[in-house]
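Residue numbers start from 1 in every chain, and the chains themselves are labelled A, B, ... in the order their sequence lines are given, proteins ahead of strands.
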Amino acid sequence: MTVDTFGSILGAVYRRRGSVILVLLGAIGGGTLYRAKVKPEYLSSASVMIPNNPPTANLSSEAGNLPNGPLLPDMSDEVRTGAIGLFNSGAVADRMMQKRPDLDSRALKRNLKGNIDRNGNVQVLSYAPTPEQAAELANQYAECFQEEMEDVATAHMNRTFEAMSREEPIALAAYSTLHRGLVNYLGSIGSANLDQELARLLEDRKTIEAQSLDLDLARVRSEAERPVLQRALDERPEFALSRTTYGRNPAYEDALRRTRELSTQLALARLEYRDDDPDFKHPQLERLKAELDFVRSSALDLVEEQMVLQATSEAPDELARRLAARLAEMDIAGASFEAQREVLRLRSEAVDARLAVLPRYQSEVAIRMVELGNARQYWERISQRRAELDFHLRAGLHFTVMSPAMRARPEQAKVVPSVGGLYLFCVIAGLAGGLLFAVTSEMVARMRATRPY
Amino acid sequence: MRAEAVRARDYGSAGTMVSAAAALAFGLVIAAFVFWEGRDHLRFHLTVFGARPMLIDDLPWLFTTAISALILAAAGFFAWVIRSGGLDRPALALLAFAMVADAIPAVTQVAIALVLVVLIRRILRDGDVYAPLTPLTIPLLVVIISYATSFLVTDGYMALVPTFLFRLTSNMLIVVLLPALLRTRRQIEIFFQMLLACACISVGVEWIQWGLSAVAGVPITFNTGSYNKVSTPWGVFPRLTGLMYHPNLQSNCISTIAVLTLWFGLRPIGAISAARRTMYLVAYVWLALGVLFTWSRSGWLSLGITSMLVPVVRYPRFSPIYLGILGAIGAVAWQTGALKATYELVENLNKASADFRWHIDQLAVEAFSSHPWIGLGTMGILDYDNPWKLQVHDTYLQIASEMGILGIFSFALFGAIVLARMLWTLIHSKFAFDRDWILGLLMASIVALIQNSFVMFLWVRFLWLMMPLAACISLASRSEDGEEPEDLAFLPPLPKSA
């Protein structure tokens, strides 16, 4: 083969335009022929809306749905395709066959398809020879689909409700049993509130320990004080001066009296006699002065002794008495040390013994309380869930929607294939095929021409 | 000179009648297909695609449109066969296309079949065809033997057979086939142009994938794994794959072609026309953008390093200035923290995918230590105490762990022979074309050398293309007078009058 230009290739195709036209005519003619000979078919569609967030249900376990949980199968996008699976499973077709026994099941399966439209609704596509049949089948099938969906959901709910109803008294009985068991156990261990008892026992123990400590301290103090007290007692006299009476010294009193008398006499004498003459001193005055001076000096000498002991009395030494009493108290207390210690020891042992078993009681009670709590919670949730399911089952489940606008109508049914589309694509495919035919013919012809083998 | 028109009348009247009937029948078949698809398209779509397939939901006449497009593509292909005067160019172009289009099934096999058709026709015409074997045949045989030892060490050896046959007929056959096809400089240049065009088409497909992903809101690529998207500080982006299955594969082949394009685009003034230079440089930018949006870090690294090296090798006299500028830019980036920030950003892209690799590499080292001579066998690392059930992401360790010392020897021999012949050509050839190509291939091989440290590309077709391509240059360099041999089995020169 020799190299050619693009224009000449187009020329070659032009030269083989007969082939192109024949392929095109064959395509168009064939399309017309098929359209004339093959029975027409109409396509109608009805839509069923499944809300994006309806109540959902966990089909495998209700544990996560107690007490208020979703009721129905999950309707997320993934399960819309599950709805298509339900559609294609034959269950809906079976229901349809029950309503329309005149239909052929294989034709039904071929002519009724499930799709999801652009709005996310489940779309029922129905093919039939007439628009009326197509619309009717689409609507009936959509209704069957709705019923099947609701039946599947309700069946699940019914099974769940039955299970809950059977489980509820069992749960209650289990709870009651556990409750009785706990009460009996608390009675057997003699305590209604172990925490309070523990606190009390710990307080008692602290008190006992404090008392023991005080007791020891008292004993030690007593033993330390005893010799000191004894020594102090020994040093004390049996009787001690209890009272000492002091009075005025008579000599001093006498001196004072005499001083007063002499002063009076001197004063009287000075009245009688002159005392201001330096050359003459009256002997009376002189005598009185000298006597007064003498008595004054005697008084002055006795100032220090103006109070003299007059009388004393003795009584038993108070301190000694107290010391003795104290020692007696010590003796009495010492005598009770051991008894007190023994009491405290016994009490401590009792407290410790009780404390030793308390952890075991506590753990046992804690376990029982947890079990009881779980059982109670379980019973409550079962009960609430059963009540909720009962309510919804009695109210009925209608979670899919097919409004009148979503129903198929005969006037909206389309003939398939559409006339315009058929001829358009026949022309397009025919031209493409014709072009291929022409180019291939040209290529083969050139190969034959240049390589004649 | 235009070929003479071959008219349908040449078939004769009977042939014309048959041809007309065939055309009509073809038209009827088309009509039947269009009619029944129009009638049943929804039934078929719902059965095959499900309820809400992305992008094609409820599209009527989808298959008609697709098949019409395929028919037009086939017609275009045949038109090209006519225009190019034979099946050679289209077959070669299909082979080049197959190198960058893993995602299109059977295209390699179709291309090889067409090539074989051409060769067989030449044999039938001429009685014989000259198809030289290169020294690469020897290491190839050792590789085949090394691969075959996998049957000795694996339990499920029957499962290895289809993979072995596939790699034999697509990867390893190219080592033998390509030097038989491309023996002249002209042919090599044509092949590179085709590779470049196909790479640009593949990058174009990347942009289509990006657009479709943006419309659909989910990554739409040929990769459906969890690694078909990447989380970045600017949002989640699809990792574009072009016509390949994996973004790393795409980055590998596109980077290699991009480096070659840049190398040729930077030819000295006078060695290349301005228009061609512009075309090459624009193509390089186009391909580099394609590599960028594969979000393949190993691809970025390889392309970046090699692209920076190309001017240094191409213009060594200016390399101090160039390196100085690069150094200054790097210093500024370092000082401002931009370099560190960029490194951290890149490191954190799909960080988990990097973390596990070191563990599997460690497994590969242990596997080699315990099975040094012939390794664990192909894919044997998957069951070697490997909790991730992933292959080792290092081609060198892949060779060591799966093929052992024998495998290392065979591939080392491959590399040594290729390198020796390239260096010999570089030193001894007096044609600038040969030296230019050798240096370009050496630069391009850096992409593979770097990227193979992070991926397992041992059996990637494009890698197996590069080695025989280097051998083709060495073969072509034998023509010291620049004349083409008379006995070309493939892509003969155009007639002098044309």
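For B:Ile71, the parts sitting under 4.5 Å from any heavy atom of chain A are the backbone and the side chain alike. Both the backbone and the side chain of A:Ala429 come within contact range of chain B, judged by heavy atoms closer than 4.5 Å. In this structure, chain B has heavy atoms under 4.5 Å from both the backbone and the side chain of A:Asn111. Neither the backbone nor the side chain of A:Ile21 comes within contact range of chain B; no heavy atoms are under 4.5 Å apart. Looking at B:Ile30, the atoms closer than 4.5 Å to chain A (heavy atoms on both sides) all sit in the side chain, from C-beta outward. Interface remark: A:Ser418 contributes backbone and side-chain atoms alike to the contact with chain B (heavy atom separation under 4.5 Å). Using a 4.5 Å cut-off between heavy atoms, A:Leu125 contacts chain B through its side chain alone, with no backbone atom that close.
Among A:Leu43, A:Leu33, A:Val38, A:Leu435, the residue making the largest number of heavy-atom pairs under 4.5 Å with chain B is A:Val38. When each of B:Ala22, B:Ala32, B:Ala25, B:Ala74 is checked for heavy-atom pairs under 4.5 Å with chain A, B:Ala32 comes out on top. In terms of heavy-atom pairs under 4.5 Å with chain B, the best-connected choice from A:Ala438, A:Gly31, A:Gly433 is A:Gly433. When each of A:Gly114, A:Cys426, A:Gly421, A:Ala12 is scored by its heavy-atom pairs under 4.5 Å with chain B, the top score falls to A:Gly421. Of the listed residues (B:Ala23, B:Ala79, B:Ala20, B:Ala75), the greatest number of heavy-atom pairs within a distance under 4.5 Å of chain A belongs to B:Ala23.
Ionic pairing of B:Asp40 and A:Lys113 is not present here: no N-O contact between side-chain nitrogen and carboxylate oxygen is shorter than 4.0 angstrom.
For the residue pair A:Gln146 and A:Thr400, a side-chain donor N or O sits within less than 3.5 Å of a side-chain acceptor on the partner. Neither side chain, A:Ser126 nor A:Tyr42, offers a donor N or O lying under 3.5 Å from an acceptor on the other.
Side-chain atoms of B:Asp88 never come within 3.5 Å of backbone atoms of B:Phe490 as a donor-acceptor pair (strictly under, hydrogens ignored). Side chain of B:Ser84 to main chain of B:Trp80: a donor-acceptor pair is present (N/O by atom type, distance under 3.5 Å, no hydrogens or angles).
A:Asp102 pairs by the salt bridge (Lys or Arg N to Asp or Glu O under 4.0 Å) definition with A:Arg100, not counting sequence neighbours. Applying the side chain to side chain contact (heavy atoms under 4.5 Å, CB included) rule to B:Met279 yields the partners B:Gln193, B:Leu196, B:Arg276; only residues at least two apart in sequence or on another chain are considered.
For the pair B:Arg43 and A:Tyr127, the cation-pi test (distance below 6.0 Å, angle within 45°) is passed.
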